[in-house]
A.B. asks: 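Quick one: the structure is below, questions incoming.
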Amino acid sequence: MREAFLETVADALDTDPRLMVVLADISSDRLDAAGARHPARVVNVGIREQLQIGVAGGLALTGMRPVVHTFSSFLVERPFEQLKLDLGHQNAGAVLGGIGASYDYAAAGRTHMAPGDVALLDTLPGWTVHVPGHADEAAALTRAALPGDDRVYLRLAMYGNAAARPTGPHLVPIRTGSARSAGVVVAVGPMLDRVLAATEGLDVTVAYTTTPRPFDRAGLHRLAAAAGHPDVLMVEPYLAGTSAHEAAAALEDRRHRQRSLGVPRGAELRRYGTPADHDRAHGLDTEGIAKAARDFFLV
């Protein structure tokens, strides 16, 4: 997904004079050719992420379209005040491409993990958040985001689904349950393949989204209304419960149950290990999701 994002941005630099890339060392070598073609529009500020966002805010106020890229932990968590003030409070737009996701680079330690990034951005108004599940989706979402003036965060994972799916703003039913089904499972981005495997044999609707913000409340309402039960299981690759309030708002007119799967709150896995180790520990591998789905729906 990182390569798809960077290649899309590099190509767009050749045709859109508003674009300007602001780097903080990370991936700078991958944009050497684009920087040689456009030396004034590919800027590396070094490992100064607060400055990186501040520069992006200033560029946006002059009419440029800044594209900012580094690890998500350094892109969202470290410069959060600048995101709040230099972009949000100034109503300035930018495209943020973050890599590392929750723990893709687990061996690099806690500094490179950001399971709370989407929840943190959720405290600020006006952000669109894309969580692609495939490199082709990452490219399509990047192309769509570059021409605008809004604030967009692309959460780029190292791992994803086997095939690309539609990337529109709406929940997309991938597997539809019967009129007597147990409910709806919402899979975000790279969680889809394991959700499909985990719910095989369960009478549930599986819906997919690459754009959890703004959340498709109307779409979830329709899917829940068509199901036998309006119960919802949210499976997100970041902090558990990040979208619980969105599901609750979507279904506030009907009695329902809901459960959220994601990186658990209130606990920190201190053995760095591998991404697969973290998935197993957090119940986000296929087996963990299958157990949670059975426990939730088969009551």
Side-chain angles (χ1 to χ4, degrees), residues 1-5 72 98-106 114-115 117-118 129-142 154-177 181-213 215-216 219-220 223 227 232-240 242-243 247 259-264 273-298:
M1 293 188 202
R2 168 161 66 167
E3 300 304 327
F5 169 78
S72 292
I99 58 172
S102 290
Y103 39 71
D104 280 0
Y105 293 84
D117 55 346
V118 177
V129 177
H130 297 307
V131 185
H134 188 277
D136 291 350
E137 297 171 7
L141 290 165
T142 302
L154 287 125
R155 192 181 204 261
L156 309 168
M158 183 182 294
Y159 307 99
N161 304 313
R165 303 283 183 165
T167 59
H170 304 299
L171 287 172
V172 179
I174 303 298
R175 180 189 294 153
T176 303
S181 66
V184 179
V185 184
V186 176
V188 177
M191 306 308 296
L192 177 62
D193 279 0
R194 63 189 81 174
V195 165
L196 288 171
T199 58
E200 184 71 36
L202 289 180
D203 186 7
V204 295
T205 290
V206 176
Y208 179 59
T209 184
T210 58
T211 305
R213 294 297 182 276
F215 187 81
D216 182 14
L220 180 58
L223 293 173
V232 176
L233 176 65
M234 300 286 305
V235 187
E236 300 175 283
Y238 32 77
L239 200 63
T242 296
S243 294
R259 181 173 179 183
S260 298
L261 300 185
V263 180
T274 66
D277 292 331
H278 285 254
D279 284 339
R280 283 192 295 272
H282 299 322
L284 290 176
D285 59 348
T286 299
E287 292 75 16
I289 296 170
K291 182 181 185 306
R294 290 193 300 270
D295 290 348
F296 180 66
F297 289 117
L298 301 181

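Keep in mind that this is a model prediction, so the values were computed, not measured.
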A.B. asks: For residues Val204 and Ala182, report the shortest heavy-atom separation together with the two atoms involved.
C.D. replies: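 The pair with the smallest heavy-atom distance is CG1-CB, 4.0 Å.
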A.B. asks: Does a side-chain N-to-carboxylate-O contact under 4.0 Å join Asp295 and Arg259?
C.D. replies: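 Not counted as a salt bridge, because no side-chain N and carboxylate O are separated by less than 4.0 Å.
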A.B. asks: Taking the side chain as everything from C-beta on, heavy atoms only, tell me whether Asp203 gets closer than 4.5 Å to Ser181.
C.D. replies: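 Sidechains of Ser181 and Asp203: in contact.
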A.B. asks: Locate the shortest heavy-atom distance separating Thr242 from Leu239; write the atom from each residue and the value.
C.D. replies: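 Smallest interatomic distance, heavy atoms only, reads OG1-O, 2.6 Å.
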A.B. asks: Compare every heavy atom of Thr286 with every heavy atom of Ala197, then report the nearest pair and how far apart it is.
C.D. replies: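 Closest pair (atom of Ala197, atom of Thr286, distance): CB-CG2, 3.8 Å.
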A.B. asks: Do Val131 and Pro190 have side-chain heavy atoms sitting under 4.5 Å apart?
C.D. replies: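 Val131 reaches Pro190 side chain to side chain.
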A.B. asks: A side-chain contact here means heavy atoms from C-beta on lying under 4.5 Å apart; do Tyr238 and Ser72 qualify?
C.D. replies: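 With C-beta onward as the side chain, the pair stays apart.
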A.B. asks: Does a side-chain heavy-atom distance below 4.5 Å link Thr205 with Thr176?
C.D. replies: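 Heavy-atom side-chain distance check passes, below 4.5 Å.
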A.B. asks: What are the two closest heavy atoms between Val263 and His282, and how far apart are they?
C.D. replies: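 Of all heavy-atom pairs spanning Val263 and His282, the closest is CG1-NE2, 3.9 Å.
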A.B. asks: Any side-chain heavy atom of Ile99 sitting closer than 4.5 Å to one from Phe5?
C.D. replies: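 Result no, sub-4.5 Å side-chain heavy-atom pair not found.
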A.B. asks: Using the rule given for side chain to side chain contact (heavy atoms under 4.5 Å, CB included), can you reason through Ile289 versus Met191, listing the C-alpha separation, both sets of side-chain angles and the distance that settles it, and then say yes or no?
C.D. replies: CA-CA 10 Å; Ile289 296 170; Met191 306 308 296; 4.1 Å; yes
A.B. asks: Can you check whether Glu236 reaches Pro115 side chain to side chain, under 4.5 Å on heavy atoms?
C.D. replies: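 A side-chain contact under 4.5 Å is absent here.
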A.B. asks: I need the Leu171 CG to Thr211 OG1 distance, nearest 0.5 Å.
C.D. replies: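 Here the interatomic distance stands at 10.0 Å.
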A.B. asks: Would you check if Asp277 and Tyr103 make a side-chain contact, meaning some heavy-atom pair closer than 4.5 Å?
C.D. replies: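 Heavy-atom side-chain distance check fails, nothing below 4.5 Å.
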A.B. asks: Is there a side-chain contact between Arg175 and Glu200 (heavy atoms, below 4.5 Å)?
C.D. replies: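 Yes, side chains in contact.
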A.B. asks: Can you tell me how far apart CG (Asp285) and NE2 (His278) are? Round to the nearest 0.5 Å.
C.D. replies: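 Asp285 atom CG to His278 atom NE2 measures 13.0 Å (nearest 0.5 Å).
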A.B. asks: Taking all atoms of both residues into account, what is the closest heavy-atom pair of Leu156 and Ala138, and its distance?
C.D. replies: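 Taking Leu156 first and Ala138 second, the nearest heavy atoms are CD2-CB, 4.0 Å.
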A.B. asks: For Met158, does its backbone N or O pair with a side-chain atom of Asp104 as donor and acceptor, under 3.5 Å?
C.D. replies: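 Answer holds: yes.
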A.B. asks: Between CG of Leu196 and OH of Tyr208, what distance do you get to the nearest 0.5 Å?
C.D. replies: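 Interatomic distance, Leu196 CG to Tyr208 OH, rounded to 0.5 Å: 10.5 Å.
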A.B. asks: Any chance you could measure Leu233, atom CG, to Leu261, atom CG, to the nearest 0.5 Å?
C.D. replies: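 Result: 4.5 Å between the selected atoms.
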A.B. asks: Looking only at side-chain N and O atoms, does Arg155 offer a donor or acceptor that is under 3.5 Å from a partner on Ser102?
C.D. replies: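 Yes.
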A.B. asks: So Val195 and Val206, side chain to side chain contact (heavy atoms under 4.5 Å, CB included) or not? Walk me through it.
C.D. replies: CA-CA 8 Å; Val195 165; Val206 176; 3.9 Å; yes
A.B. asks: Measure across Pro264 and Ala240 and return the closest heavy-atom pair with its distance rounded to 0.1 Å.
C.D. replies: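 Looks like CA-CB, 4.4 Å.
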A.B. asks: Let me confirm one number: the CD-CG distance from Glu287 to Asp279, rounded to the nearest 0.5 Å.
C.D. replies: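 Output value for this atom pair is 10.5 Å.
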A.B. asks: Identify the residue among Val188, Leu220, Val129 that makes a side chain to side chain contact (heavy atoms under 4.5 Å, CB included) with Phe215.
C.D. replies: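 Only one of Val188, Leu220, Val129 forms a side chain to side chain contact (heavy atoms under 4.5 Å, CB included) with Phe215, namely Leu220.
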A.B. asks: What pairs of residues pass the side chain to side chain donor-acceptor pair (under 3.5 Å) test when at least one of them lies in residues 158-173, not counting sequence neighbours?
C.D. replies: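 The answer is none; no pair qualifies.
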A.B. asks: Let me confirm one number: the CD-CE distance from Glu137 to Met1, rounded to the nearest 0.5 Å.
C.D. replies: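 CE of Met1 is found 7.0 Å from CD of Glu137.
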